[in-house]
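Numbers restart at 1 for each chain; the letters A, B, ... are given by sequence-line order, proteins then strands.
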Amino acid sequence: MLVRNQLAELVAVAVSAAQAAGDLPAFDVPPIEIGRPKDPKHGDFSSTVAMQSAKPARMAPLAIAQAVVKHLPQADVVQTADVLPPGFINFRLSPRWLAHFVESIESEGMRYGNVDLGRGRTCQVEFISANPTGPLHMGSARNAVLGDAVARVLEAAGWTVQREYYLNDAGTQMRTFAETLYRRYKQAFGEDAPLDPTHYQGEYMIDLARQVQAAEGDRFLKLSPEEAIDALGRLGLEIVMQWIRHSVDLLGIRFDCWFSEKSLYDDGLFDKIMTTLRGQGQTATRDGAEWLLTSNFGADRDEVLIRSNGQPGYYASDVAYHYDKFVLRGFDRVIDVWSVDHQNQARRMPFLMKALGLDPARLDILIYDLVRLYRDGKEVKLSKRSGDIITIDEVVEEVGKDAVRFLLLSRANQSVIDFDLNLAVQQNEENPVFYIQYAHARMASILRTATERGFAAGSWAGGNLDLLGHPSELTLLGKLAELPEVIEKAALQLAPHSLVFYLQDLAATFHAFYRDCRVISSDPADAELSRARLRLVAATKNVFARVLTLLGVSAPESM
RNA sequence: GCCCCCAUAGCUCAGUGGAUAGAGCGUCGGCCUCCGGAGCCGAAAGCGCAGGUUCGAGUCCUGCUGGGGGUACCA
């Protein structure tokens, strides 16, 4: 159980006991929340229950706090519980308990920090889902690493997670893609086939056409334009999918499922849902189009399902796709990771859920803000259509997966990221990922050095943890014990960036410990203390590796 | 016009309604004779403006100013 929850229980018991003893009146006790004081001298945890109870109990907060502390049950975890004006109850964790906390970290290993918010329930995280009409560009990189990190955090929080890429292989964009490829393909044979302004202007379409030319020759020229466009569209899609898989792989991401939008129509699911919705009277025909009457569920407007040209609109796909997720595949929860461009669409999703008879709370739309790319001090605009793109592959090959992931995960989701390509290339102390990885490498180095100086690998396992008690050791131990709270918070808020800030904090705490406490001593009299400290270093290294893994960033043994 | 997000130190950003608002970079001043100085210690420096709610507001509400995004029978 989280330390915070243990303390909350102790306080709850104390309040009841105080009431039973007549030291507190009967009143509605507010939910007991345990917080972390900003200032460490106020202790490790604090409760504001006394201030919150002042009004209902009609008592001075200070007196309430004193009554609570008086009835606080004994517990190993608590060293002291102090009352401070205006009514804070401050807890300090027991040094002995903290020191032995190392044993928990050792036994849990790379599972340490896990919490059980999910209780095994299933959660699908759908992310990237960029149109397969070209290589993944840097605009999708934030989506990619955020979605993956959220998936990792949710797994650590007890959810059974499935990662999915939704392939928009239906609709007009695919048609435009196929037409563009057809013209580039003809151009490759020297034919005059100029692009329209609506076509994809990017150079990569030329590469794609040449690739087809090399592999397939001129056989598509012999088909009718319609047949050729169809065939080239399918072939081009396959090739682009290979590009996308490669980029995703470079970022260290694995998808469990690549879901085809087209399959929603080919497999008859869309028709089936339309029949159901019509039967329920949830659609209406107006202006030649068929609408889903979301205004019946509180929306300020209805949504077009089938356009007046007879083609389904994108909302139709969303309806069928989410029906498939929740009803056919039965996910308890779904998270769609969308850029801020889709904020309007996101607001309409709850109505879609209601129209399908589903609880909107089961669907989270995780909105993140833009990434602005800068090169040589100028913003670089990204657009597949204009052809001005910087691919994920280019950037990852230039600055590495770790830097890309770390930089893109070190901001809150709702803040804009300015990604300076020139700066990211500089692999120096200005790059925060190196600070973190350095700390891990330093710990690895300490353990290596220990084995060279007579502490056989693992021989410190029996080190006497009771010897740990230096303030810097206790601070480090307290920070290590925070991890479950950090993971819980990251999972609840779908905000992996808090892991980054935790790591920076932990690194600083470790460096302070390293400064104050010599781990490997040449004095034989300190051998036992060294073994205890080596256990602490190994536990800290484990926590670093754990959190870096949650971020998808590697934890180097040396740099 | 309407809707959403943002505004915190010189710069880039954290900050679950709690106590003296933090970190990195930059600036200034210190620290390597046994573990990695890619590190550590210290200093200067901040919540856009005006109201409101609350025992308590950077955090919640309203208005204003400034920046970004969104407002299709396109996805």
In whole angstrom, what separates A:His511's NE2 from B:A38's P? 11 Å
Do any side-chain nitrogens or oxygens of A:Ser410 fall under 4.0 Å of OP1 or OP2 in B:A23? no
Compare side-chain N and O positions of A:Thr449 against OP1 and OP2 of B:G36 and report whether any pair is under 4.0 Å apart. yes
Would you say A:Ser445 reaches B:G36's phosphate, i.e. side-chain N/O to OP1/OP2 under 4.0 Å? yes
Only stems of 3 or more consecutive Watson-Crick or G-U pairs count here, both distances under 3.5 Å; name the ones for RNA chain B, or none. B:1-7 with B:65-71, B:10-13 with B:22-25, B:27-31 with B:39-43, B:48-52 with B:60-64
Assert: residue with more 5' nearest nucleotide on RNA chain B, out of A:Asp39 and A:Asp418, is A:Asp418
Is the distance from OP1 or OP2 of B:A21 to the nearest side-chain N or O of A:Lys38 less than 4.0 Å? no
OP1 or OP2 of B:G37 sitting under 4.0 Å from any side-chain N/O of A:Tyr514? yes
Determine whether more than 12 heavy atoms belonging to other residues, nucleotides or ligands lie under 6.0 Å from atom CG of A:Asp28. no
Tell me whether the OP1 or OP2 atom of B:A23 has a side-chain N or O from A:Tyr502 closer than 4.0 Å. no
Test for a donor-acceptor pair under 3.5 Å between the base of B:A75 and the side chain of A:Tyr314, counting only N and O atoms. yes
Which pairs count as salt bridge (charged side-chain N to carboxylate O under 4.0 Å, His left out) when at least one residue sits in residues 308-321 of chain A, sequence neighbours excluded? none
Would you state whether a donor and an acceptor, one from the side chain of A:Asn90 and one from the base of B:A19, lie under 3.5 Å apart? yes
Exercise answer: donor-acceptor pairs, residues 491-500 of chain A side-chain atoms, under 3.5 Å, sequence neighbours excluded:
{"from": "A:Ser498", "atom 1": "OG", "to": "A:Ala495", "atom 2": "O", "distance (Å)": "2.9"}

Side chain to side chain donor-acceptor pair (under 3.5 Å) partners for A:Asp44, two or more places apart: none
Non-neighbouring partners of A:Thr540 that pass side-chain contact (heavy atoms from CB on, under 4.5 Å), sequence neighbours left out: A:Met443, A:Leu476, A:Leu480, A:Phe510, A:Leu536, A:Phe544
Under a 90° cut-off about 0 for the syn range, is B:C32 syn or anti? syn
Taking the nucleotide of RNA chain B with the nearest heavy atom to each, does A:Ile34 or A:Gln343 sit closer to the 5' end? A:Ile34
Taking only distance into account, with no hydrogens and no angle test, what donor-acceptor pairs under 3.5 Å do side-chain atoms of residues 50-61 of chain A form with protein atoms, sequence neighbours excluded?
{"from": "A:Ser53", "atom 1": "OG", "to": "A:Val49", "atom 2": "O", "distance (Å)": "2.7"}

